[in-house]
Number of protein chains: 2
Amino acid sequence: MAEQHELREKGLRLTPQRELVLAAVRELDHATPEEVAERVRLTHPGINLSTVYRNLETLENVGLVQHSHLGHGGATYHAAEVLTHLHLVCGACGAVGGAPIEVAANFVNTLADDYGFKTDVTHFAVYGTCATCAQAEL
Amino acid sequence: MAEQHELREKGLRLTPQRELVLAAVRELDHATPEEVAERVRLTHPGINLSTVYRNLETLENVGLVQHSHLGHGGATYHAAEVLTHLHLVCGACGAVGGAPIEVAANFVNTLADDYGFKTDVTHFAVYGTCATCAQAEL
DNA sequence: GTAGCAAGTGCAAATCTTTCGCAATTAGCA
DNA sequence: TGCTAATTGCGAAAGATTTGCACTTGCTAC
Ligand SMILES: [Mn+2]
Ligand SMILES: [Mn+2]
Ligand SMILES: [Zn+2]
Ligand SMILES: [Zn+2]
């Protein structure tokens, strides 16, 4: 038995569209479904937006992809293996910064110990004002 | 000079719709625009949904109301004066718990000191798994 | 290899949520 | 008591996401 493709291992059929959606998510880092579609269209112009939505959902169900919320609007998608940083979103300029997850370790532990709550700090962004904008406000 | 209505103090016209929208937000605690509209309709059946949206925006601009994001979808509105707790949203059962802001004080300070980022911990919910659901998973 | 079947796709239409244009109404001021 | 600009209601528009359905295609069993 030869080694299986990662999608087949998850019990999914291997279609060009599905492979390309996964590849696009991996290349892009927090991309919207529309952005994923654009990327896929570079090599597969015919792909339908609803196919992208359906595959993102499927890939999320098997744990290859995850979504998070960076702004007031819709979700953005990450490859599951790289979701290892916090998103710092500036409400003033819209910039999305990053910070290592460890920054939140203490906070996460407190919530676990005091509330029994297991936090996924990457699902929602951390909202506030970035250094540049905070400076400008003075 | 008599004391002014709080809306007039903010430079806003006093309309029945606007007063009712504010009252509804205060009574409901994190309500969607649609829920606010429903509540207002109890006493003012004719109110239009777009009036609710416009008033929520107006009230937010003058600081009487704030929105935050508790789920994957749209925003929910709080009276500004009560937005003093974190929201702990369980991805498994949907429950929305609360925790005092102080729980995040350390986290907020770290982000300020190390990244110059001024965090508003109430804008996005803290996402994860509640104690009950974490228990059930075992 | 080939046939059969279920999963996946494209397309168009349906939903849902939020925003907008505009004419009619109304609050606040003179 | 009027004037004027802000506000409202209404319908339509704009986006974003989902859905139904006929067609295609990947995988499995023969
Ligand atoms: Mn927001
Ligand atoms: Mn989500
Ligand atoms: Zn900024
Ligand atoms: Zn739960």
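Note on naming: letters A, B, ... go to the chains in the order of the sequence lines (proteins, then strands), and numbering restarts at 1 for each one. Computed from a prediction, not measured in an experiment: that's the story for all the values here.
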Asker: Walking along DNA chain C from 5' to 3', note the first and the last nucleotide with an atom under 4.0 Å from a heavy atom of chain B, and give both.
Answerer: dT17(C) to dC29(C)
Asker: Rounded to the nearest 0.5 Å, how far does CD1 of Ile47(A) lie from CG of Leu42(A)?
Answerer: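 It is 11.5 Å, given to the nearest 0.5 Å.
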Asker: Check for me, please, whether Ile101(A) and Val96(A) land in the same ILVMFWY cluster - side-chain distances under 4.5 Å, paths through other members count.
Answerer: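 No, no single cluster joins them.
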Asker: Can you measure from CZ (Arg18(B)) to CG (Leu59(B)) and round to the nearest 0.5 angstrom?
Answerer: 6.5 Å
Asker: Which word best sums up how the rings of Tyr127(B) and His123(A) line up, parallel for under 30°, tilted for 30 to 60°, or perpendicular for over 60°?
Answerer: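 The rings of Tyr127(B) and His123(A) lie parallel, inter-plane angle below 30°.
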Asker: Just grab all the ring pair (Phe, Tyr, Trp, His ring centres under 6.0 Å) pairs involving residues 24-47 of chain B, residues at least two apart or on different chains.
Answerer: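 Passing the test, one end in residues 24-47 of chain B: His30(B)-His78(B), His30(B)-His87(B).
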Asker: Just to be sure I understand the geometry, which residues of residues 45-71 of chain A put a non-hydrogen atom under 4.0 Å away from DNA chain D?
Answerer: Ser50(A), Tyr53(A), Arg54(A)
Asker: Applying the 4.5 Å side-chain criterion to the ILVMFWY set and letting contacts propagate, would Val126(A) and Val89(A) be lumped into a single cluster?
Answerer: no
Asker: Which comes earlier along DNA chain C counting from the 5' end, the contact point of Ala75(B) or that of His44(A), where each point is its nearest nucleotide?
Answerer: His44(A)
Asker: Can you tell me how far apart CD (Glu34(A)) and OG1 (Thr76(A)) are? Round to the nearest 0.5 Å.
Answerer: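 Here the interatomic distance stands at 14.5 Å.
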Asker: Drop me the distance from Leu7(B)'s CG to Thr15(B)'s OG1, to the nearest 0.5 angstrom.
Answerer: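 Separation between the atoms: 8.0 Å.
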Asker: Can you pull out how bent the helix from dG1(C)-dC30(D) to dA30(C)-dT1(D) is, comparing the axes over its first five and last five pairs, to 10°?
Answerer: 30°
Asker: Going by the rule ring-ring contact (aromatic ring centres under 6.0 Å, His included), which residues pair with Phe107(B) if we only count those two or more places apart in sequence or in a different chain?
Answerer: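 Phe107(B): ring-ring contact (aromatic ring centres under 6.0 Å, His included) contacts with Phe107(A).
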Asker: Find the distance between CD (Glu102(A)) and CG (Leu86(A)) and round it off to the nearest 0.5 Å.
Answerer: 8.5 Å
Asker: Where do Arg39(A) and Glu27(A) land on the side chain to side chain contact (heavy atoms under 4.5 Å, CB included) test, with the steps shown first?
Answerer: CA-CA 9 Å; Arg39(A) 178 62 164 242; Glu27(A) 289 161 18; 2.6 Å; yes
Asker: Is it true that, when you exclude Glu9(A) itself, more than 12 heavy atoms of the residues, nucleotides or ligands shown sit nearer than 6.0 Å to its CD?
Answerer: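 Enclosed.
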Asker: With side chain to side chain contact (heavy atoms under 4.5 Å, CB included) as the test, would you mind laying out the steps for Asp114(B) and Val103(A) before giving the verdict?
Answerer: CA-CA 9 Å; Asp114(B) 297 0; Val103(A) 173; 5.7 Å; no
Asker: Report which part of the nucleic acid His72(B) touches: base, sugar-phosphate, or nothing (heavy-atom distance under 4.0 Å, all strands).
Answerer: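 Contact class for His72(B): none.
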Asker: Pick the nucleotide of DNA chain C nearest each of Gln17(A) and Gly73(B); which residue has the one closer to the 5' end?
Answerer: Gln17(A)
Asker: Going 5' to 3' along nucleotides 22-30 of chain D, which nucleotides have protein heavy atoms under 4.0 Å from the base (write B), which only from the sugar-phosphate (write S), and which from neither (write -)?
Answerer: ---BBSS--
